[in-house]
Amino acid sequence: MHDAAAALLAGLNPEQRVAVETTEGPLLVLAGAGSGKTRVLTHRIAYLIGVCGIAPESVLAVTFTNKAAGEMRERVEKLLGPGAEGVWLGTFHSTCVRILRRDIGHLGFSRGFAIYDQSDSLALVKEAVRRQGLDPKEVDPRRMEWRIDQWKNAGVGPGPAFDAAADFEAQRAAEVYATYQRLLVDANALDFGDLLLRTVELFERFPEVLRWYRQRWQYLLIDEYQDTNRVQYRLVQQLAAEHRNLCVVGDGDQSVYGWRGADIRNILDFEEDYPNANVVLLERNYRSVQPILEGASGVIAHNVGRKEKRLYTEREGGEKISVFEAADDREEAAFVVREILTAQRGADRSWGQFAIFYRTNAQSRVFEEELLKYNVPHVVVGGVRFYERAEVKDALAWLRLLVNPADAVAVRRVVARPTRGIGRTTLERASSLAAEHEETLVDGLRRFAEQGGARTAKSIRAFLALLERLRDELSGVSTAEALAAVLDRSGYLQALERDGSPEAEARLENLRELLSAADDFGRELAREPDASEERSETELFLDQVALVSDIDTWERRDECVSLMTVHTAKGLEFPIVFVVGLEEGVFPHAGALRNDGGIEEERRLCYVAMTRAMERLVLTSARERHRWGSRTYGIASRFLREIPDDALERPLAGGARVPGDSTLDYSYSQDAEGGDMDDALAPGLRVQHPTFGPGVVLQALGSGAGRKLRIRFERAGVKTIVVRYGNLEIG
């Protein structure tokens, strides 16, 4: 064997070696949790380049977070050294941005297009709702934004969405969608869904562009393939259709993003899409002790839609899984913190070895309070991200306008803080003028100034003159210099300094941090002069900021206990893990109880949570919980009863017990007159009312024909409903 090949393959188990050495044609690597998939991906890239002689520029590797992409790049560089230069390692979105910055001109956009994050998109949806003449108090813009995002994840445009609409609400949402898309085009902007959709459109409409990328990227590696949506699936097909050198790595048992469009069929049907595909199964786990693997495998085995595999480890021994049922959520939090304190002091562990996972962010509060009570250092992952803070977005809006004057959302931000005498009514009239003449909002403001009152016209002219001066004077300067200049010249810093409050000082500190980030980016870019691809430093900086996710900004700290949702925890590992809130309606989530597909995804999410633990896993539930302003009563999650007895620790410390009724029936009848429906309507369950719409059951009152429910409806607030006459539906 070639020396280079022997060195790269050393330390890989037999299945991993097959995955690395199978370089030609389609390959499906089913990689169980903790089975070394990143090792396989990085060694495969190094093998292609270092052993097979493939040019680095011919390799495209795609994963789901910038953090994962960065870690993969570091590993490849350690294996290859300078030979790794030229490999494209990034996320789907960053890859599409790279493609579109080069070729979006074919679609009529300029290369300086803005990238709208979720808050920008919501602002534009609100404008689209207004343009449609709808009342935002009656039409929830957030729900509209969610529907548009779902359509985009499925690859459905406004026209097909309208044609397929089954009711008036869906038709109205499709009309808002069409208006929203027009506003994006007018602003020379793309949202996250568009980054994928426009790339697919580009390849479909301009085959010569697709041909160029196919010739460039001869070998494709796709990580976390189970989390791809239908648009990403189509994009992969477009790029791989000719050479078919496609390696996808993933685990159907860890597909947990159906709510944002991920389609588990992409991985389950891979062998149908590519009939000659090789399949490699990675079942040897390098993370967890055997009882944890047995417990997680026992839970996931209850899913029907999966490919069979069973994880194992060669590590001997290991603690069995602990289960604790608390009287209420306060006792649950006290138990978890007490266990952390005991383990940290007794075993001399660092705080960073502990993690608390929950199904929803709202569950973190009682654990934070209990940790604070005992001065336990902790960090909540997934709070307000740095780049989503108002002052940071305000500053970035100025940079966006320097690059793209058509950016209507940015215009609305910069005229609002500090106030410039350009109010909402003025903006709405200017927006109408812009729509009438098919111009940008800046053009609409200019037109309005020509016909508006003297005071308003003066304010608009002053703003437009400032914007024009900044664009002229800051052309070609570094991002940090441009940022410092706009914050000073716009009066933003002075307004905060005059405020003088602790909150204003915190905002100033965040802006100083933003300046440091811009300066660091410029220094890093200077070390890679070819990375600019004929684009300005500011454009590249804005792209990086737009594509940052929660987990990208999180760094594990030895001095802090980590608290996070299970979704955020995916891809991480900790020696000791607490998974809390394991009750019906909490985990599995109430929204999943309406169909088998939802329950299967919740079970996969539980499997992900359990397999993050390396040495010890503790699962907790509470019989009573404070939710939605009321006390609710729950029953232990079905997932607890699906864990094999051999994997569980019995008896449990502290008098805790494992809920033992394995015969509980979870199928809910839709008959409001019957007892089954009466029993099903428990606190925490989501219901639909024909008048009040969706809501969550807070409290059950009475029984039989007089049974009533207190329900918090999303639009109508809290109502008391008689079950017999309420025409309620589950979900």
Side-chain angles (χ1 to χ4, degrees), residues 137-138 140 143 324-334 358-366 369 580-595 598-599 602 620-641 657 659-731:
K137 295 179 181 178
E138 296 179 2
D140 184 0
R143 181 162 179 79
F324 178 80
E325 185 181 62
D328 56 27
D329 48 355
R330 287 289 177 186
E331 184 183 63
E332 180 186 40
Y358 32 77
R359 179 60 180 82
T360 61
N361 279 307
Q363 293 170 253
S364 72
R365 180 182 58 83
V366 289
E369 291 174 356
V580 302
L582 279 157
E583 302 121 43
E584 292 294 305
V586 180
F587 196 0
H589 193 273
L593 299 177
R594 67 190 69 161
N595 60 67
I599 287 295
E602 290 291 301
T620 68
S621 63
R623 294 189 294 275
E624 184 179 337
R625 188 171 295 278
H626 192 267
R627 300 175 72 202
W628 307 106
S630 302
R631 304 305 298 182
T632 63
Y633 304 90
I635 53 177
S637 170
R638 68 192 72 189
F639 302 149
L640 293 174
R641 285 177 287 279
R657 58 189 178 85
D661 181 7
S662 60
T663 62
L664 191 62
D665 181 7
Y666 292 94
S667 62
Y668 294 139
S669 166
Q670 296 294 313
D671 180 8
E673 298 280 39
D676 288 344
M677 180 65 171
D678 205 45
D679 293 338
L681 292 168
L685 191 69
R686 293 193 65 83
V687 295
Q688 290 276 346
H689 186 275
T691 301
F692 303 129
V696 176
V697 176
L698 300 179
Q699 187 179 11
L701 306 168
S703 61
R707 185 173 176 83
K708 300 177 183 178
L709 297 172
R710 289 185 69 245
I711 302 172
R712 182 188 299 278
F713 292 101
E714 292 179 6
R715 297 193 294 268
V718 177
K719 304 284 185 184
T720 300
I721 303 292
V722 179
V723 175
R724 186 172 185 177
Y725 305 111
N727 294 319
L728 295 170
E729 294 182 2
I730 299 292

Handout entry: Any donor-acceptor pair under 3.5 Å from Arg359 side chain to Glu602 backbone
Key = no
Practice task
Can you see which heavy atom on Ile599 is nearest to which on Phe639, and at what distance?
Solution key: O-CZ, 4.3 Å
Problem - Any donor-acceptor pair under 3.5 Å from Glu584 side chain to Arg638 backbone - result: yes
Practice task
State, to 0.1 Å, how close His589 and Thr360 come at their nearest heavy-atom pair, and which atoms those are.
Solution key: CD2-CG2, 3.9 Å
Exercise for the section: Would you confirm whether Glu369, through its side chain, and Val366, through its main-chain N or O, come within 3.5 Å as a donor-acceptor pair? Expected result: no
Fill in the blank from the handout: Val697 and Leu709 have their tightest heavy-atom pair at CG1-CD2, 4.0 Å
Fill in the blank from the handout: Of all heavy-atom pairs linking Gly581 and Val586, the shortest is O-CG1, 3.2 Å
Practice task
Look only at the side chain of Ser621 and the backbone of Ala636, and say whether a donor-acceptor pair between them is shorter than 3.5 Å.
Solution key: no
Completion exercise
For Ala622 and Asp329, the nearest pair of non-hydrogen atoms, with its separation, is CB-N, 3.8 Å
Fill in the blank from the handout: d(Ile721 CD1, Leu701 CG) to nearest 0.5 Å is 11.5 Å
Completion exercise
Value for CZ (Arg623) from CD (Glu583), rounded to nearest 0.5 Å, stands at 10.5 Å
Exercise for the section: Using salt bridge (Lys or Arg N to Asp or Glu O under 4.0 Å) as the criterion, list what pairs up with Glu624, not counting sequence neighbours. Expected result: Arg631
Problem - Distance (rounded to the nearest 0.5 Å) between Arg365 CZ and Tyr358 OH - result: 12.5 Å
Handout entry: Interatomic distance, Arg686 atom CZ to Ile711 atom CD1 [nearest 0.5 angstrom]
Key = 11.5 Å
Handout entry: Inter-residue atom distance Glu331.CD - Glu325.CD, 0.5 Å rounding
Key = 9.5 Å
